[in-house]
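Right, one structure below, let's go through it.
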Amino acid sequence: MIVVIKKDANEKSVENLITWLENQGLRVNVNSGIYQTVLGLIGDTHSLNAELIGGMDIVERVQRISEPYKNANRKFHTDDTIVDMGGQKIGGGNFQFIAGPCSVESSEQICGIAQQVHKAGANLLRGGAFKPRTSPYSFQGLRDEGIEFLLQAKELTGMPVVTEIMNANHLPMFEQVDVIQVGARNMQNFELLKELGRQKKPILLKRGLANTLEELLMSAEYIMSEGNTQIILCERGIRTFETSTRNTLDISAVPMLKRLTHLPVIIDPSHAAGDAALVYPLSMAAAAAGADGLIIEVHNDPAHALCDGPQSIKPDAFASLANDVEKVLAIVNKKG
């Protein structure tokens, strides 16, 4: 349930209403926007008399929310959430490029790529230290050493780093990581999500390869229910009957999620296509659709990459892509 407060409501009366609602065993999420204040009520609201609350002088209207996700719901939080990722903001009109290799292979490799993508327009560095692979015989990542190399690149360039976590037990190794990524395979690892909800660190949550948007938002809800509201949602392609691409990019997920939630939404064209030649057009489509950012795999030598070389673009191609995306954003923002 949400309670919309009138614009000129008495502050003390609003405080009294919040106290009364909390005494009913509810958690009250207060969202003060530019034009109105919305009280989001979390808990069992069935016994509340909506007509009684709606009749108060300070209340504009009361609305019951049917969707199972509450904290992530735009009805609870009408303004876009802006997430601070190590000093780089995303959401609410702030667009970000997150770029780097699929896997961290060496200090020289990640530091070199970091310098190149930073020069080309990326403000955040991605790189996998732990790699979830379909085959147990494939390269699994450098683990803690990979994180050390990422932090070296961070010190060299000043770029905040984004890397994927596989297990909550690894959290001590992520203390200096700026953004923790939850991969598609762990989107419904609910115990991991709850643990991440207790962290004071942004979470980049990827959509599962066979999950609905509501299921993605419910996974975000797991994190938010534990207190962490700094979440970036990522559409990375879903599994369909089409086999010409690695996955099928659901571009409609961007405007639909923008309607359903206040959280930032980004696109991963690299994993969606599995083909470096498709990264550019899918990135343009993402920018035109209103995405808040792109996370792109960039490698200086894709042919010899230890992981996902075919979907990685070279640094010069990323520079060209970033430049053209900025042009699309200019048009979209001007139209908006």
Side-chain angles (χ1 to χ4, degrees), residues 1-85 87-95 193-194 196-203 205 213-214 216-233 255-265 290 292 333 336:
M1 177 185 288
I2 62 171
V3 178
V4 180
I5 304 299
K6 291 180 180 178
K7 185 177 181 179
D8 300 321
N10 178 271
E11 187 174 333
K12 183 62 177 178
S13 297
V14 175
E15 291 176 0
N16 290 338
L17 174 58
I18 292 173
T19 300
W20 181 79
L21 291 169
E22 290 175 338
N23 288 337
Q24 307 307 305
L26 300 171
R27 182 157 60 88
V28 182
N29 186 5
V30 182
N31 294 292
S32 300
I34 299 175
Y35 302 107
Q36 62 184 13
T37 296
V38 176
L39 307 182
L41 311 185
I42 309 296
D44 186 2
T45 62
H46 290 90
S47 60
L48 283 183
N49 188 328
E51 292 184 0
L52 176 65
I53 298 173
M56 296 180 176
D57 292 338
I58 61 172
V59 175
E60 182 174 308
R61 71 177 188 277
V62 177
Q63 180 179 348
R64 292 193 180 276
I65 304 300
S66 60
E67 296 88 355
Y69 49 92
K70 308 301 181 185
N71 289 297
N73 201 315
R74 186 173 284 279
K75 294 175 184 175
F76 268 48
H77 192 294
T78 54
D79 295 334
D80 290 342
T81 286
I82 298 174
V83 177
D84 188 324
M85 304 185 294
Q88 299 295 334
K89 294 181 179 180
I90 189 168
N94 300 286
F95 188 95
L193 298 180
K194 286 189 286 186
L196 293 176
R198 303 181 189 110
Q199 308 303 309
K200 299 184 183 298
K201 198 181 290 285
I203 307 299
L205 179 63
L213 295 183
E214 182 172 294
L216 172 62
L217 291 172
M218 287 305 296
S219 290
E221 195 75 12
Y222 263 93
I223 299 171
M224 300 179 81
S225 67
E226 296 292 334
N228 188 350
T229 61
Q230 301 296 288
I231 302 170
I232 305 102
L233 303 175
M256 183 55 70
L257 285 171
K258 289 287 187 176
R259 177 190 298 177
L260 299 174
T261 184
H262 52 88
L263 299 174
V265 181
D292 295 297
N333 293 334

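Quick caveat, the model's predicted, so the values are computed rather than measured. This chain uses plain numbering: 1 for the first residue, then up along the sequence.
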To the nearest 0.5 angstrom, please state how far the [atom1] atom of [X] sits from the [atom2] atom of [Y].
X      : Y      : atom1 : atom2 : value
Ile2   : Ile42  : CD1   : CD1   : 11.0 Å
Leu213 : Tyr69  : CG    : OH    : 8.5 Å
Ile223 : Leu193 : CD1   : CG    : 5.0 Å
Asn71  : Thr229 : CG    : OG1   : 8.5 Å
Ile5   : Glu60  : CD1   : CD    : 9.5 Å
Gln63  : Arg61  : CD    : CZ    : 6.0 Å

**OP:** Carefully, step by step, assess Val3 and Val38 under the rule side chain to side chain contact (heavy atoms under 4.5 Å, CB included).
**Re:** CA-CA 6 Å; Val3 178; Val38 176; over 6 Å; no
Original post:
In terms of heavy-atom contacts, does NZ of Lys89 have more than 12 from other residues, nucleotides or ligands at under 6.0 Å?
Top reply: no
Please report the closest heavy-atom contact between [X] and [Y], naming both atoms and the distance.
X      : Y      : value
Ile82  : Gln230 : O-OE1, 3.9 Å
Ile231 : Ala220 : CD1-O, 3.5 Å
Lys70  : Ile65  : NZ-O, 2.9 Å
Gly290 : Lys258 : O-CE, 3.4 Å
Ser32  : Thr37  : OG-OG1, 3.9 Å
Pro202 : Met85  : CG-CA, 4.3 Å

**OP:** Output, in order, the C-alpha distance, side-chain angles, deciding distance and verdict of side chain to side chain contact (heavy atoms under 4.5 Å, CB included) for Ile58 and Leu17.
**Re:** CA-CA 9 Å; Ile58 61 172; Leu17 174 58; 4.0 Å; yes
**OP:** Report the C-alpha separation of Lys75 and Glu67 in whole Å, then their side-chain angles, then the decisive distance to 0.1 Å, and conclude whether the salt bridge (charged side-chain N to carboxylate O under 4.0 Å, His left out) test is met.
**Re:** CA-CA 10 Å; Lys75 294 175 184 175; Glu67 296 88 355; 3.1 Å; yes
Original post:
Got a sec, which pairs hit salt bridge (charged side-chain N to carboxylate O under 4.0 Å, His left out) with one end in residues 218-228, sequence neighbours left out?
Top reply: Arg198-Glu226
Given 3.5 Å as the limit, does a donor-acceptor pair link the side chain of [X] with the main chain of [Y], or not?
X      : Y      : result
Asn228 : Gln199 : yes
Gln88  : Asp84  : no
Arg64  : Thr45  : yes
Asn73  : Thr261 : no
Lys6   : Asp57  : yes
His46  : Leu48  : no
Asp292 : Ile90  : no

Original post:
Considering only heavy atoms from C-beta outward, does the side chain of Ser219 approach that of Leu205 to under 4.5 Å?
Top reply: yes
Original post:
Are any of the side-chain heavy atoms of Asn94 and Val83 separated by less than 4.5 Å?
Top reply: no
Subject >> Criterion side chain to side chain contact (heavy atoms under 4.5 Å, CB included) on Ile53 and Leu21, from CA distance to verdict >> reply: CA-CA 10 Å; Ile53 298 173; Leu21 291 169; 4.2 Å; yes
**OP:** Carefully, step by step, assess Asp79 and Asn31 under the rule side chain to side chain contact (heavy atoms under 4.5 Å, CB included).
**Re:** CA-CA 9 Å; Asp79 295 334; Asn31 294 292; over 6 Å; no
